[in-house]
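Here the structure is laid out as structure tokens; the discussion comes afterwards.
Just so it is clear: chains get the letters A, B, ... in the order the sequence lines come, proteins before strands, and each one is counted from 1.
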Amino acid sequence: MHWSDVMAGRLAERGQRHIIATGITPSGEFHIGHLREILTGDMIARAARRAGMEAELVFVVDNADPLRKVYPFLDPSYEAFIGHQLGSIPAPDADGKPDWKRFNEEGWTYGDHFLVPFLAALKQIGVIPRLLPNLEAYRSGKFSASARIACDQREQIREIVERVSGRELPESWFPWQPLDSKGSLDGLTITGYDYPLVHWTDSHGESGSSNIEKGEGKLPWRLDWPAKWGFNSITCEPFGKDHGAAGGSYDTGKEIAVLFGHEPPIPLTYEWISLRGQGAMSSSSGNTIGPIEALQLVPPEILRFLVANSKPSKAIEFDTGMGLVNLADEFERLSARDFDEEMKDDSLSRRKRVQLEDAKVALELSAIDEAGRSGAASVSFRHLALLAQVKPDDMAVWESLQSSGAIDQPTSQLVDRLSRMRSWIESTHFPDDMRVDLCAEPDVAALEALSDAQRRVITALKRTIEAADWTVDGITAAFKVAGEEAEVGMRDVYRASYALFMGAERGPRLAPILSNCDQSDIVSLVNQASALTS
RNA sequence: GGGCCUGUAGCUCAGUCAGGUAGAGCGUCGGACUUUUAAUCCGAUGGUCGCGGGUUCGAACCCCGUCGGGCCCGCCA
């Protein structure tokens with residue numbers, strides 16, 4: 001059974017209506033690791049709906065969290081905002097400086113700056129969650145009930161956190177973090193509590209009172225999370241393995257949730273996505289690939305397939321090179337199959353049946369449109385990569401596909417895919433193995449491996465290529481004539497030609513590629529090779 | 001020190017929850033298509049299931065131990 005269906009089964013035991021939560025802090029550039037969080041939630045929601053339940057995906061925007069440090073992309077002036085809430089400070093402009101103008105005129109905050117492009121990327125991959133901005137929730141008093149319980153029963157809370165996490169909280173610990181005289185959550189000392197006020201003194205020597213019902217501060221993370229579960233009626237939440245560790249915030253959260261008066265959500269811990277060859281992604285190290293950047297290269301349904309086809313407990317290595325080609329081609333192959341038909345075979349082993357079922361579901365979950373199925377593009381990624389390189393003009397690509405009978409008219413999906421393919425090819429991520437590269441000069445090793453008969457082909461090519469009419473047909477004819485002159489079969493002609501032009505044994509069809517090159521350059525290459533082999 | 005995840009074919013992984021003759025895809029090799037845009041089709045190749053014990057008629061699967069890799073148990077997500 002597919003992992004999403006396993007989750008749906010657990011949800012069904014609990015009830016028929018579900019709110020699946022995801023949550024991210026908009027402290028910096030979003031990366032594809034965050035995409036796993038959202039997609040995992042989206043897929044659980046889809047599975048629940050498929051099983052006949054009501055399910056909604058929500059995205060908690062943790063913009064009440066403070067800025068932790070001045071990241072490399074920020075101007076040093078952000079020093080003044082450390083400890084301030086991400087939804088209450090200005091966004092960085094192109095130079096990393098606070099953009100006060102937009103902040104004052106449009107209310108454009110630091111959190112918005114990172115969130116909005118991420119939402120655009122989500123839309124492309126077919127995920128449109130209901131947003132729950134956390135800072136606004138504090139300000140509108142949604143946290144009041146839980147905050148009061150936390151402050152009133154702070155010794156029970158302390159006991160839970162210390163027992164479950166195994167760590168000792170400092171004597172000064174208090175379950176509410178007020179904002180200080182400058183708007184920071186850092187460096188305060190709590191001096192007293194009279195509901196609804198928490199009294200404090202700050203690092204500037206000021207003192208004041210924070211009303212826990214008006215968002216003049218926030219709950220610490222371990223309390224903030226279970227509180228949100230309650231007033232948002234969250235029934236299920238996937239989260240990264242950091243939260244899932246024993247003694248981690250889910251463990252304390254599920255007990256605190258009960259104290260707050262509600263049931264904790266059904267959890268699902270997922271593994272990280274890392275970049276191939278580079279280790280875990282992290283916003284602060286700059287070792288990231290953003291969802292936007294990823295979507296410039298990868299068709300959205302294939303990004304979905306990557307997550308759908310990996311069990312959440314498995315770490316994913318995101319590979320923008322050959323791994324992507326293989327992934328995309330696997331997706332294409334699966335898309336072209338009819339699983340329902342295959343599963344009618346009663347002789348299938350249980351193992352095989354499971355495999356078919358999982359592939360079928362993964363494929364369904366990969367569709368951008370939940371109702372639709374992601375149809376096969378009928379062109380493999382490999383093939384498209386070749387065509388895109390060989391034919392600079394899109395129309396020529398479609399003509400080639402039409403003439404081979406692969407497609408009738410290019411679908412919008414295919415047009416979209418070609419444009420992403422072109423940006424991938426131009427990027428540094430495109431694998432060398434896939435690049436169509438003609439030799440600039442003869443590849444001696446490849447030529448030396450040729451048989452005598454094949455060497456005669458090169459000698460013959462020297463004349464026919466030079467004389468060729470420089471079109472696809474003309475070049476094809478030149479190969480044919482060379483074969484006749486050298487008295488060898490076409491197999492040898494091409495063996496020799498690939499060694500000559502690409503330093504390889506095989507390759508893509510040569511005539512269309514050569515026709516895009518300058519004839520004199522090719523002639524020169526053949527002449528040099530001919531000198532080496534004769 | 002405590003805990004979580006992970007280890008199965010050259011590679012990526014399924015199969016472990018419900019024990020019943022080791023699976024898929026890719027790769028590799030061979031063949032076909034009398035040349036094909038690295039295509040396609042067919043066939044073959046390939047595993048001491050990390051290791052050691054135990055339970056069982058029977059273990060990749062359950063139990064105990066052990067080794068390797070990743071991570072958490074500060075703040076914060």
message = Between U8(B) and G1(B), how far apart are the two C1' atoms, rounded to whole Å?
response = 32 Å
query = Has the side chain of Thr252(A) got a donor or acceptor atom that lies under 3.5 Å from a matching backbone atom of Ser249(A)?
reply = yes
request  = Give the rounded distance in Å between these two atoms: CZ of Phe501(A) and P of A38(B).
outcome  = 17 Å
request  = Quick one: label Ser310(A) by what it contacts on the DNA or RNA (base, sugar-phosphate, nothing), any heavy atom closer than 4.0 Å.
outcome  = nothing
Please produce a list of atom pairs where a protein N or O lies less than 3.5 Å from an N or O of nucleotides 2-6 of chain B.
residue: C5(B); atom: O2'; partner: Ser313(A); partner atom: O; Å: 3.2
residue: U6(B); atom: OP1; partner: Ser313(A); partner atom: OG; Å: 3.4
residue: U6(B); atom: O3'; partner: Lys314(A); partner atom: NZ; Å: 3.3

Where do N or O atoms of nucleotides 40-44 of chain B meet protein N or O atoms at under 3.5 Å, pair by pair?
none

request  = Look at all strands and tell whether Gln177(A) reaches a base, only sugar-phosphate, or nothing, counting heavy atoms closer than 4.0 Å.
outcome  = sugar-phosphate
query = C76(B) phosphate, OP1 or OP2: any side-chain N/O from Gln85(A) under 4.0 angstrom?
reply = no
message = I'd like the P distance from G20(B) over to C62(B), given in whole Å.
response = 11 Å
remark   = The salt bridge (charged side-chain N to carboxylate O under 4.0 Å, His left out) partners of Arg36(A) (sequence neighbours excluded) come to none
key: C1' spacing across the pair C5(B) / G46(B), given as an integer number of angstrom   = 29 Å
inquiry  = Testing the basics here: between Pro178(A) and Trp200(A), what is the closest heavy-atom pair and its distance to 0.1 Å?
reply    = CB-CD1, 3.5 Å
Separation of G25(B) P from Phe331(A) CZ (nearest whole Å) = 18 Å
key: Side-chain donor or acceptor of Glu271(A) paired with backbone N/O of Ala315(A) under 3.5 Å   = no
query = Between Arg10(A) and Asp5(A), is there a salt bridge with N-O shorter than 4.0 Å?
reply = no
message = How many whole angstroms separate atom OH of Tyr270(A) from atom P of C72(B)?
response = 14 Å
inquiry  = If I pick the C1' atom on G47(B) and the same atom on G2(B), what distance separates them, to the nearest angstrom?
reply    = 36 Å
message = For the backbone of Ile82(A) and the side chain of Arg68(A), can you confirm whether one donor and one acceptor N or O come within less than 3.5 Å of each other?
response = no
C64(B) versus U56(B) - spacing of their C1' atoms, nearest Å = 16 Å
Exam field: side chain Arg456(A) to backbone Ala486(A), donor-acceptor pair closer than 3.5 Å = yes
task = Pick out which of Phe331(A), Phe430(A), Trp424(A), Phe305(A) makes a ring-ring contact (aromatic ring centres under 6.0 Å, His included) with Phe381(A).
result = Trp424(A)
inquiry  = Counting neighbours of CD on Glu162(A) that are heavy atoms of other residues, nucleotides or ligands and sit closer than 6.0 Å, is the number greater than 12?
reply    = yes
